[in-house]
Amino acid sequence: MKILTSQNEITTQIDTLKSLGKIVGFVPTMGALHDGHLSLVEIAGSQSDIVVVSIFVNPTQFNSPIDLERYPRNLEQDAAFLKKSKCDFIFAPSVKEIYPKPDNRIFDFGQLDKIMEGKFRPGHFNGVAQVVSRLFDIIKPHKAFFGEKDFQQLVIIRELVIKFNYNIEIVACPIKREKDGLAMSSRNILLTENIRKKVPIIADILKKSTTFAKLNSPINTKNFVVESIEKVEYLRVEYFEIVNGNSLQTIEKWDETTFVVGCIAVWAGDVRIIDNVFYKNNIT
Ligand code: PAF
C-alpha cells in the first residue's frame, strides 16, 4: 500500500494502471477511519482491481469552524488501519494540493441540497461537490463507493455524475452498525460515555417505525419517531423526513413511490448523529 500526497504522483500511477486494463475503485473519506469505511474498501476491493482511498478533511464542506477544528485526524493510525484491507493507494493531499486557489464554484442541485442536511448545514453539499469533483478529476476512477448512511449525499453525488457527465459508476454501500445498532461514524468517538449509552435507541426506533408504518400514514410515522426519540434524555431531533429515495421530496402517502427512506439527524448532547431507514426499496 502506497501513501501519496501529490496530485501528479497519484495521477501518474493510476493512469499507468488504467492503461494496463485495471479497474480502479475509489473510496473518498475524511479519515478517522472505522469499520464502516473498511466495509466500503472491502466492497471496492471485490469490484475493482485497484482500490484508492482518499483521506482529506475538506474544509469547504464544514459550515462550523468548531466542527472543522474538532474533526478527528490521525493519518498514521488510518494508514495502519488500512494496511489490513484491500487498499492499494492512500491519497492524502494537503488543502493547497486540492485547492491551489479558492474554489468559488457554485453547484445547482435544485431541491436536492436545500432540504434536510442542506437546510441545517447551508453550503455543506456545495463543499462536498467541490471536493468530490476535484477528486474525481484527479483519480478518474471507474467506480466510486459511498455509504448509504449519508443518504442525501449519495443522491447528490449521483446527480453530480449525471450533470457533469462523469463516466463513473456510483456504488451505494449499506450502513455498517455497531453491535448495539448505532450507525458507525467518525463522530461517534466524540460522544460522552453517558450519551453513548443512549444513542442506540435512534436505530432501534427507526427499525420499530417500519412496523408502525404498516398501519399508519407517513406523517403519523414521522411523529412516532420524533416523539419516541425526544423522550430520551440528551436526544433532540433536528429533522426526520420520510422522502422519495430518488427525489428526496417528502411523501404524503406510502403508495406515491416504490422507494421510501426516512432520514434523520439527532443532536446527542453536542454531537450530531445521522441515520436512515428504508421503508420501501425499489432496488430489492
Ligand atoms: O462522506 C464523507 O466522508 C465526505 O463527505 C466525502 C465524500 C469524503 C467528501 O469529503
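Both ligands and their constituent atoms are indexed starting at 1 by order of listing.
Side-chain polar atoms of Thr60 and Tyr99 form a donor-acceptor pair below 3.5 angstrom. Under 3.5 Å, the side chains of Tyr279 and Ser209 contain a donor-acceptor pair of N or O atoms.
Ligand 1 places these atoms under 4.0 Å from at least one heavy atom of Gln61: 4 (C), 5 (O), 9 (C), 10 (O). For ligand 1, the atoms lying closer than 4.0 Å to a non-hydrogen atom of Pro28 are 8 (C). Of all the atoms in ligand 1, the ones that sit under 4.0 Å from a non-hydrogen atom of Gln153 are 1 (O), 2 (C), 4 (C), 5 (O), 7 (C). Contact atoms of ligand 1 toward Val131: 9 (C), 10 (O) (distance under 4.0 Å to a heavy atom of the residue).
Of the inter-residue distances, the one linking Phe26 atom CZ with Phe146 atom CZ reads 7.0 Å to the nearest 0.5 angstrom. Annotation: the span from Met1 atom CE to Ile90 atom CD1 amounts to 3.5 Å, rounded to 0.5 Å.
From the protein, the heavy atom lying nearest to atom 3 (O) of ligand 1 is Met30 CG, 3.8 Å.
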Could you please spell out the steps behind the ring pair (Phe, Tyr, Trp, His ring centres under 6.0 Å) verdict for Phe164 and Phe136?
CA-CA 11 Å; Phe164 292 89; Phe136 280 177; over 10 Å; no
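Residue Thr29 touches ligand 1 through its backbone alone, judged by heavy-atom distances below 4.0 Å.
On a distance-only criterion, Asn58 and ligand 1 share no N/O pair closer than 3.5 Å.
Between Lys86 and Asp49, none of the side-chain N atoms (NZ, or NE/NH1/NH2) sits under 4.0 Å from a carboxylate O, so this pair counts as no salt bridge.
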